[in-house]
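Some notes on the structure that comes next.
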Amino acid sequence: MIGEKQTLLSLLNLLKKHYLIVIGIMLLLLYLSPYVILGEDAHIRVHDNLDSNVAWYKVLADSGKLFGGVHEKIPNIMNGLSRNSLEPDFNILVLLYFIFKPFTAYVMNEFLMRFLAFFGMYLLLKRHFIKEDKYLIIVAGTALAFAVLPFWPSGGGSIAGLPLALYAFLNIRNRQGSKIDWLIVILLPFYASFVLSFAFFLACMGVFGLIDWIKTRRFHYSFFSAIVIMTIVFLFVNYRIIYEMFFSPEFISHREAFNRGNWSAVISLAIAIGVFIFGQTHVIRLTHYIVLPAIIAAFIIAHRKKVNVRLLKYLFLLNLLFSFIFGLYCWGGLKKIKEKWSIFETFNFGRFHFLEPPVWYICFALALIVIWQSTKKFGKPIALSLLCAQIILLFLFNDELKYRYFHYPSYAEFYSKPLFQDIKKYIGKDPADYRVVSIGIHPSIAQYNGFYTLDGYVVSYPLAYKKNFREIIAPELAKNQSIRRYFDNWGSRAYIFTAELGKHYMYDGGRKKIHHLDLNTDALKRMGGSYILSAVRILNAKEERLTLLRSFQNKASPWKIYLYKVE
């Protein structure tokens with residue numbers, strides 16, 4: 001009995017000491033609760049998520065070729081997509097889809113990503129930026145705010161893991177590195193993207209270490225070893241990309257034909273400013289409403305009260321630099337360099353802005369401390385009010401609230417498994433024996449439901465395939481300059497674009513019609529296309545040698561699919 005009381009008291013003391021962490025975890029669970037409560041009826045991001053990555057992971061898991069050799073093909077996509085073009089075998093996110101059902105894997109990734117962000121930011125701020133216990137509420141609140149950012153789900157730890165990575169590197173840099181810090185260095189590459197963020201993080205760590213070396217005239221072996229080790233692990237995890245880039249001369253990616261970033265200096269500057277203030281779709285920060293004004297207010301207070309905010313200033317300028325590097329990447333003045341060295345076109349060196357979110361929230365925490373200290377009477381309540389307002393704002397941008405408000409389909413509605421199973425049964429053949437394309441809906445829906453598609457959204461596929469696929473849609477591209485540039489200059493979405501639909505791919509209810517479809521049906525047939533799954537009625541189908549077999553619809557799905565046979 002005495003032992004039980006002592007255990008209970010110890011637990012209560014532990015909770016009292018870390019009550020802010022407990023509150024943060026409870027609020028984080030509240031933020032994530034729609035996934036658990038609603039299940040597949042939850043609303044989640046479509047762009048660069050349901051329309052691509054989720055379907056890739058499912059197709060890869062179902063194919064049995066997750067650990068396939070470097071010459072393996074995934075037959076479901078684009079008449080046999082190279083296994084190397086999809087995600088790495090040893091990525092934790094991909095393995096979740098291999099072990100669990102797709103939606104379960106998606107939810108587990110959300111939990112893992114956000115708890116990683118919360119504890120990473122908490123540890124980073126507490127140990128290296130705000131060590132005073134009286135500001136612990138700022139530390140915990142900022143960690144929670146960072147953890148509920150609208151992270152790009154398929155990024156995993158690419159942004160969410162940056163604070164924990166910086167925490168480990170700063171510990172090693174301060175010669176306080178522990179076994180846990182080295183484990184962080186080794187394990188994070190299995191849950192993050194090298195090309196999206198960590199290549200740039202490691203580059204920054206290299207510059208940071210070089211500056212230290214110049215200042216102290218001492219080479220920090222442990223710090224540079226950490227950079228080298230993390231880089232090596234990332235290269236190991238991404239061995240498929242390395243093989244494709246350097247050891248597979250016969251593979252020429254469609255990325256070689258990219259023609260992006262040819263804006264004038266003025267437009268590039270405007271893009272940089274826009275990214276700095278508002279962020280970018282994969283790097284949503286929501287810092288322009290409260291965080292940025294709070295930082296500006298802190299600078300004004302510091303100037304008037306002669307407060308030293310050198311660290312805040314440097315970090316703020318660092319974010320500005322990251323945004324301007326992105327603008328520079330978009331500048332047409334670099335076109336000749338990109339033409340001479342194609343790596344500058346195929347690899348997006350403007351992605352330093354992926355490092356911005358944690359830096360912004362470190363700046364926010366430091367700014368709140370300045371505001372807290374500004375006056376004895378009002379400083380603290382103002383700082384805490386700003387922090388609470390930012391957290392509330394981020395909660396309002398929860399996927400469930402946001403996408404339900406904008407009437408996006410839920411996870412279950414988007415993929416509409418029963419509807420597409422009906423279509424598959426009606427066709428009555430093994431999906432491996434025919435190929436489909438989609439009009440007015442994302443091809444990922446067909447892929448998720450087990451169809452073999454000629455079209456798709458893939459970050460790297462053969463340039464030769466892009467040219468062959470272009471023949472199908474060439475007549476439509478000729479009618480619309482916007483979709484022509486979109487496909488020719490980028491082309492990662494190999495879709496059946498039409499001039500009448502433009503770049504919109506979610507027509508529900510079957511109300512929309514195409515009056516004058518103009519496809520190269522012979523090219524479609526040559527590539528093996530047998531059926532078109534269209535969310536819109538094609539009025540001149542007979543002229544295009546398309547036969548409407550039947551339309552499909554049910555109450556659980558927002559789509560009405562017209563099934564056309566290619567004659």
Side-chain angles (χ1 to χ4, degrees), residues 46-52 54-55 77-78 403 406-424 426-427 435-449 451-458 469-470 472-477 479-480 482-484 486-487 491-521 524 529-554 556-566:
V46 171
H47 178 68
D48 284 356
N49 192 37
L50 293 183
D51 67 351
S52 48
V54 173
I77 304 173
M78 294 180 169
Y403 294 117
F406 287 109
H407 304 293
Y408 272 63
S410 67
Y411 182 97
E413 288 172 335
F414 184 83
Y415 288 122
S416 292
K417 289 184 283 186
L419 180 70
F420 283 84
Q421 290 306 312
D422 288 345
I423 297 173
K424 202 184 294 183
Y426 177 84
I427 293 174
R435 299 293 182 269
V436 304
V437 293
S438 299
I439 295 179
I441 54 170
H442 292 283
S444 64
I445 299 173
Q447 291 165 3
Y448 185 95
N449 285 291
F451 288 93
Y452 286 57
T453 71
L454 295 178
D455 48 356
Y457 178 11
V458 182
F469 189 86
R470 192 189 191 283
I472 300 172
I473 57 175
E476 287 292 333
L477 297 184
K479 295 190 288 185
N480 187 309
S482 175
I483 59 173
R484 183 172 70 252
Y486 186 64
F487 182 80
S492 291
R493 289 188 193 273
Y495 283 20
I496 300 296
F497 290 111
T498 69
E500 291 180 47
L501 301 184
K503 292 187 287 184
H504 186 70
Y505 332 108
M506 289 172 60
Y507 288 95
D508 57 0
R511 293 180 294 273
K512 180 73 175 178
K513 297 179 177 63
I514 294 180
H515 296 84
H516 300 289
L517 181 67
D518 192 5
L519 297 179
N520 185 335
T521 313
L524 177 58
S530 301
Y531 299 96
I532 294 178
L533 306 176
S534 181
V536 299
R537 185 73 181 264
I538 302 169
L539 299 184
N540 67 327
K542 288 185 178 180
E543 297 171 22
E544 290 296 294
R545 297 185 358 241
L546 305 175
T547 301
L548 176 61
L549 299 180
R550 187 184 150 187
S551 64
F552 295 81
Q553 196 171 21
N554 67 40
S557 172
W559 316 121
K560 182 176 182 179
I561 302 299
Y562 299 93
L563 177 64
Y564 290 92
K565 182 172 175 56
V566 182

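Just the heavy atoms: all of them, side chains too, but no hydrogens, waters or symmetry mates, feed the values below.
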Where [X] and [Y] come nearest, the two heavy atoms and their spacing:
| X | Y | result |
| --- | --- | --- |
| Ala446 | Val436 | CB-CG2, 4.3 Å |
| Ser444 | Tyr415 | O-CE2, 4.0 Å |
| Pro558 | Ser416 | CD-OG, 3.8 Å |
| Gln553 | Leu419 | N-CD1, 3.5 Å |
| Gly440 | Ala535 | O-CB, 3.8 Å |
| Met78 | Gly456 | CE-O, 3.9 Å |

- Item | Ile561, Leu563, Leu524, Leu548 screened by side-chain contact (heavy atoms from CB on, under 4.5 Å) with Ile532, the one that passes |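 Only match with Ile532 under side-chain contact (heavy atoms from CB on, under 4.5 Å): Leu524.
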- Task: Run through Leu454, Val566, Thr453 and flag the one making a side-chain contact (heavy atoms from CB on, under 4.5 Å) with Arg435.
- Result: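 When Leu454, Val566, Thr453 are each tested with Arg435, the side-chain contact (heavy atoms from CB on, under 4.5 Å) holds only for Leu454.
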Does [X] reach the side chain of [Y], with side-chain heavy atoms less than 4.5 Å apart?
| X | Y | result |
| --- | --- | --- |
| Glu544 | His516 | no |
| Tyr564 | Ile439 | no |
| Tyr486 | Phe497 | yes |
| Leu50 | His442 | no |
| His515 | Asn540 | no |
| Asn449 | Gln421 | yes |
| Leu549 | Tyr562 | no |
| Asp508 | Lys560 | no |

About how many Å separate [atom2] of [Y] and [atom1] of [X], when rounded to the nearest 0.5 Å?
| X | Y | atom1 | atom2 | answer |
| --- | --- | --- | --- | --- |
| Ser492 | Asp48 | OG | CG | 9.5 Å |
| Ile496 | Leu517 | CD1 | CG | 9.0 Å |
| Lys503 | Asn480 | NZ | CG | 9.0 Å |
| Ile77 | Asp455 | CD1 | CG | 10.0 Å |
| Tyr452 | Ser530 | OH | OG | 13.5 Å |
| Phe451 | Ser438 | CZ | OG | 9.0 Å |

Above 12 or not: heavy atoms from other molecules or residues under 6.0 Å from [atom1] of [X]?
| X | atom1 | value |
| --- | --- | --- |
| Lys424 | NZ | yes |
| His47 | NE2 | yes |
| His504 | NE2 | yes |
| Lys542 | NZ | no |
| Tyr408 | OH | no |

- Is the closest side-chain donor-acceptor distance between Glu476 and Thr498 under 3.5 Å?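 Looking only at side-chain atoms, Thr498 and Glu476 do not form any donor-acceptor pair under 3.5 Å.
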- Message: Could you check whether Asp51 pairs with Arg493 (Lys NZ or Arg NE/NH1/NH2 to Asp/Glu carboxylate O, under 4.0 Å)?
- Response: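 Yes, Asp51 and Arg493 are salt-bridged.
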- Item | Verdict with supporting geometry, Leu539 and Ile514, side chain to side chain contact (heavy atoms under 4.5 Å, CB included) | CA-CA 6 Å; Leu539 299 184; Ile514 294 180; over 6 Å; no
Taking [X] for its side chain and [Y] for its backbone only, find out whether a donor-acceptor pair lies under 3.5 Å.
| X | Y | value |
| --- | --- | --- |
| Asn554 | Pro418 | no |
| Thr521 | Arg545 | no |
| Glu413 | Trp559 | no |

- Message: Tell me whether the rings of Phe487 and Phe469 are parallel (<30°), tilted (30 to 60°) or perpendicular (>60°).
- Response: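 Plane angle between 30° and 60°, so tilted.
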- Item | Tyr495 and Tyr457 aromatic ring geometry - parallel, tilted or perpendicular at 30°/60° bounds |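 Rings of Tyr457 and Tyr495: perpendicular, as their planes differ by over 60°.
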- Task: Run the numbers on Lys513 and Ile538 for side chain to side chain contact (heavy atoms under 4.5 Å, CB included), then give the verdict.
- Result: CA-CA 6 Å; Lys513 297 179 177 63; Ile538 302 169; over 6 Å; no
- Derivation of the side chain to side chain contact (heavy atoms under 4.5 Å, CB included) call for Val46 and Met506: CA-CA 10 Å; Val46 171; Met506 289 172 60; 3.9 Å; yes
- Message: Test side chain to side chain contact (heavy atoms under 4.5 Å, CB included) on Leu533 and Val437; report intermediate values, then the result.
- Response: CA-CA 6 Å; Leu533 306 176; Val437 293; over 6 Å; no
- Message: Quick check with a 6.0 Å cut-off and a 45 degree axis cone: is Arg550 positioned over the face of Phe552's six-membered ring?
- Response: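 Flagged: Arg550 positioned over aromatic ring of Phe552.
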